[in-house]
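First comes the structure, then the notes that go with it.
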Amino acid sequence: MSDFFDSEIVQEELEEINKMQQDIYKDAFTFPSLSREDRKEHIESLKILLDKQRVMYTRLSLSDDPTAKELKSQIEKSVTVMGFKPGTSMDVLFDTMSQTIQTLEGSIDRY
């Protein structure tokens with residue numbers, strides 16, 4: 001393992017991010033059929049996850065560790081999978097995701 005990923009804090013945060021992603025994806029396709037309270041909780045979890053992802057990306061960006069740099073590069077390349085043009089700034093991605101969550105939150109009662 002690399003110095004970056006040897007950090008207990010980094011390991012714990014990555015584990016939490018992965019667990020949150022699994023929980024969120026599990027409910028993503030049933031979102032419209034969730035109770036209003038469960039939809040609110042789902043949206044709150046999305047906000048928390050996005051914040052954690054943003055912090056982890058920042059940590060990766062500040063690290064000199066080669067493995068961290070490689071992961072950062074892979075993340076940056078993955079923006080095309082989400083429909084963005086290659087080279088799109090991660091700030092744009094995070095801001096767009098945040099706006100999408102806000103839109104979802106604003107339409108919570110439509111489901």
Side-chain angles (χ1 to χ4, degrees):
M1 211 178 264
S2 68
D3 290 340
F4 181 81
F5 293 101
D6 283 339
S7 164
E8 194 172 316
I9 293 171
V10 169
Q11 289 179 21
E12 289 172 1
E13 283 298 309
L14 285 172
E15 284 178 33
E16 189 169 353
I17 287 170
N18 284 330
K19 183 180 179 332
M20 288 185 76
Q21 286 174 336
Q22 290 173 3
D23 291 344
I24 287 169
Y25 294 148
K26 178 183 60 148
D27 290 338
F29 297 107
T30 60
F31 183 82
S33 64
L34 296 175
S35 70
R36 185 177 193 283
E37 193 58 38
D38 287 343
R39 288 192 306 266
K40 287 172 63 175
E41 287 178 23
H42 183 81
I43 290 169
E44 190 58 34
S45 293
L46 284 170
K47 290 178 185 179
I48 293 168
L49 175 60
L50 184 58
D51 287 343
K52 288 183 176 295
Q53 290 172 328
R54 205 182 285 246
V55 168
M56 183 55 67
Y57 180 78
T58 300
R59 284 185 175 142
L60 291 167
S61 298
L62 295 172
S63 177
D64 290 330
D65 183 283
T67 309
K69 287 181 177 184
E70 178 59 29
L71 180 55
K72 177 183 177 251
S73 176
Q74 290 173 4
I75 291 169
E76 290 169 343
K77 289 176 186 171
S78 73
V79 300
T80 58
V81 174
M82 293 178 264
F84 291 89
K85 293 181 182 179
T88 298
S89 162
M90 290 303 292
D91 287 332
V92 169
L93 173 78
F94 287 130
D95 289 347
T96 301
M97 292 171 79
S98 181
Q99 290 171 358
T100 300
I101 292 169
Q102 288 176 353
T103 300
L104 186 60
E105 186 173 34
S107 65
I108 199 165
D109 289 323
R110 292 186 202 159
Y111 294 96

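The pair Glu44-Lys40 does not meet the salt-bridge criterion, since no charged nitrogen lies less than 4.0 angstrom from a carboxylate oxygen. The residues Asp65 and Arg59 are annotated as not salt-bridged, no charged nitrogen and carboxylate oxygen being separated by less than 4.0 angstrom. Using a 4.0 Å cut-off between charged side-chain N and carboxylate O, Asp51 and Lys47 make no salt bridge.
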Exercise for the section: Apply side chain to side chain contact (heavy atoms under 4.5 Å, CB included) to Leu93 and Met82, showing your working. Expected result: CA-CA 9 Å; Leu93 173 78; Met82 293 178 264; 3.9 Å; yes

Exercise for the section: Starting from the C-alpha separation in whole Å, work towards a yes-or-no answer on side chain to side chain contact (heavy atoms under 4.5 Å, CB included) for Ile24 and Phe31. Expected result: CA-CA 10 Å; Ile24 287 169; Phe31 183 82; over 6 Å; no

Practice task
Check step by step if side chain to side chain contact (heavy atoms under 4.5 Å, CB included) holds for Met20 and Asp23.
Solution key: CA-CA 5 Å; Met20 288 185 76; Asp23 291 344; 5.7 Å; no

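Side-chain N or O atoms of Ser45 include one that pairs as donor or acceptor with a backbone N or O of Glu41 at under 3.5 Å. Counting only distance, with no hydrogens or angles, the side chain of Gln11 and the backbone of Phe5 share a donor-acceptor pair below 3.5 Å. Between the side chain of Thr100 and the backbone N or O of Thr96, at least one donor-acceptor pair lies under 3.5 Å. Thr30 contributes no side-chain N or O that, together with a main-chain N or O of Ser33, makes up a donor-acceptor pair within less than 3.5 Å. Put simply, the side chain of Ser78 gets close to the backbone of Ile75: a donor and an acceptor are under 3.5 Å apart. Proximity of a side-chain donor or acceptor of Thr88 to a complementary backbone N or O of Lys85 within less than 3.5 Å is detected.
Listed here is the closest heavy atom pair of Ser98 and Arg54: CB-NH2, 4.3 Å. Between Ser61 and Lys72, the closest heavy-atom pair is OG-CE, 3.1 Å.
The environment of CD in Glu8 is sparse: at most 12 heavy-atom neighbours from other residues, nucleotides or ligands sit within 6.0 Å.
Put simply, Val79 and Val92 are part of the same group of oily side chains (I, L, V, M, F, W, Y) that touch within less than 4.5 Å, one to the next.
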